[in-house]
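For clarity, every value in this text was computed on a predicted model and none was experimentally measured. Numbering of residues begins at 1 and proceeds along the displayed sequence.
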Amino acid sequence: MDSPEVTFTLAYLVFAVCFVFTPTEFHSAGLTVQNLLSGWLGSEDAAFVPYHLRRTAATLLCHSLLPLGYYVGMCFAASEKRLYSPSQAPDAWQFFLLLAVTVPTIACTLIYYWSWDRWAHHPLARTLALYALPQSGWQAVAASVNTEFRRIDKFATGAPGARVIVTDTWVMKVTTYHVHVAQQQDVHLTVTESQQHELSPDSHLPVQLLTIRVASASPTVQAFNIRRVSPGGPGTAAPASCRLNSTEYGELCEKLRAPIRSAASVVILQSLGDLFLETFASLVEANPAYSVPSSQELEACIGCMQTPASVKLVKTCQEAAEGECQQCYCRPMWCLTCMGKWFASRQDPQRPDTWLASRVPCPTCRALFCILDVCVVR
């Protein structure tokens, strides 16, 4: 494991994965295709469509060169294999070199085809051409997209290589190798999936991520998903797909002209309070249950007076004499939802990252408790 060959292989593998999927650290360090080739790519704000025509081509070429870069590096890391002289290299390495040269050759051929006739054969240009009037071409549609993207009232979310953009006329999804474009007046939008996460590694807050299907009324326009991804934190590679946080859903709806339908099984939680209550309930369900004595009858929750009391505060986070939490001797008087709302109401709205770990007083006797002390009544 200490040989230069193995060390270089592992290091290059990590670099290649991070260069393709671009975690936060690579974005911060500027190790992205967009940053390294910024002089040639130009400005996205100045010319959105030309920028992404060049960006997708440059990204494809740079990624296709990674196998060849590995071979060149191995020429130095494993000099005893004589890789610098392909005719003397082992058969397996000769085959790998052939593959490493073939991949960028194919990529260059494809890019040359895309760029022919002023990028008219690029997938993005061909999609825009579907919306062009008979007397104009795709460049006229591109000019409209460029103009609307420069406006400050557009909706945009996501990382540079995985973004969702909605302007007055267009719904767009930017990925590593492609840009999906659909005209607002022609699309049908459906929320098809919802994923609830108790904690987001990016913000340490509960988060709900949605998948929205964008389908055009025209069969020639490819449908695409504005989808959620498993949240990636520091040191993780984020897949090249767009994620939509439910807290951004309201802003998205304001920008869209077409209504968004929801599948019957999807519940959208738009506020931080809604997300916190969902997380609060899931964490309480994992706590030990409290058994009510047979002689004790549960009354209606004194908070809402709609449902029976369903939780009891019992110190379970630490031993009785340890920590800040105190034993509460009140009988069950609150339902889970009202207790969660009480817990949230005692928090600092400017510090939502501290909510789950905080302690609040019992609404009746003022004994301090944390989430671990809230027990469901059985």
- [ ] Apply side chain to side chain contact (heavy atoms under 4.5 Å, CB included) to Leu372 and Asn287, showing your working.
- [x] CA-CA 6 Å; Leu372 296 176; Asn287 293 340; 3.9 Å; yes
Task: Trace of the side chain to side chain contact (heavy atoms under 4.5 Å, CB included) decision for Arg150 with Phe48 - done: CA-CA 8 Å; Arg150 284 194 293 267; Phe48 177 84; over 6 Å; no
- [ ] Run the numbers on Lys173 and Thr175 for side chain to side chain contact (heavy atoms under 4.5 Å, CB included), then give the verdict.
- [x] CA-CA 7 Å; Lys173 172 185 171 182; Thr175 65; 3.6 Å; yes
Open item on the list: Quick one, Met305 with Glu299, criterion side chain to side chain contact (heavy atoms under 4.5 Å, CB included). Give me CA distance, side-chain angles, the key distance, then yes/no.
Closed with: CA-CA 9 Å; Met305 301 299 293; Glu299 301 176 356; over 6 Å; no
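Using a distance-only test at 3.5 Å, with no hydrogens or angles considered, no donor-acceptor pair links the side chain of Lys312 to the main chain of Cys375. Panel note: side chain Thr102, backbone Leu98; a donor-acceptor pair is recorded below 3.5 Å.
Taking the centre of each ring, Phe343 and Phe280 come in below the 6.0 Å mark. The six-membered or imidazole ring of Phe8 lies near that of Tyr70, with a centre-to-centre distance under 6.0 Å. For Phe19 and His63, the ring centers are positioned less than 6.0 Å apart.
Glu254 and Lys154 are not joined by a salt bridge, as no carboxylate oxygen comes within less than 4.0 angstrom of a charged side-chain nitrogen. Using a 4.0 Å cut-off between a side-chain N of Lys or Arg and a carboxylate O of Asp or Glu, Arg163 and Glu44 qualify as a salt bridge. Between Lys255 and Asp168 there is a salt bridge, since at least one side-chain N of the basic residue sits less than 4.0 Å from a carboxylate O of the acidic one.
In this structure the side chain of His188 reaches within 4.5 angstrom of the side chain of Arg261, judged on heavy atoms. Leu124 has its side chain out of reach of Trp114: every pair of non-hydrogen atoms, C-beta onward, lies at least 4.5 Å apart. Counting only heavy atoms from C-beta outward, the side chains of His52 and Val174 approach each other to under 4.5 Å. Residues Cys253 and Ile260 form a side-chain contact, since some pair of their non-hydrogen atoms from C-beta on lies under 4.5 Å apart. Between Gln183 and Ser216, every side-chain heavy-atom pair lies at or beyond the 4.5 Å cut-off.
The shortest heavy-atom contact between Leu65 and Tyr12 is O-OH, 4.5 Å. Of all heavy-atom pairs spanning Leu41 and Tyr51, the tightest one is O-CD1, 3.5 Å. For the residue pair Val181 and Trp170, the shortest heavy atom distance occurs at CG1-CE3, 3.5 Å.
Side-chain contact annotation: His122 with Tyr113, donor-acceptor N/O pair under 3.5 Å absent. Counted by atom type alone, Ser218 and Thr220 present one or more donor-acceptor pairs between their side chains at under 3.5 Å. Between the side chains of Thr169 and Glu148, at least one donor-acceptor pair of N or O atoms lies under 3.5 Å. Counting only N and O atoms by type, the side chains of Arg213 and Thr192 include no donor and acceptor under 3.5 Å apart.
The neighbour count for Tyr177 OH, taken as heavy atoms of other residues, nucleotides or ligands under 6.0 Å away, is above 12. Environment of CD in Glu297: sparse, with no more than 12 heavy atoms of neighbouring residues, nucleotides or ligands closer than 6.0 Å. Within 6.0 Å of the CD atom in Glu319, the count of heavy atoms belonging to other residues, nucleotides or ligands does not exceed 12.
With sequence neighbours left out, Ala142 forms a side chain to side chain contact (heavy atoms under 4.5 Å, CB included) with Val49, Leu128, Trp138.
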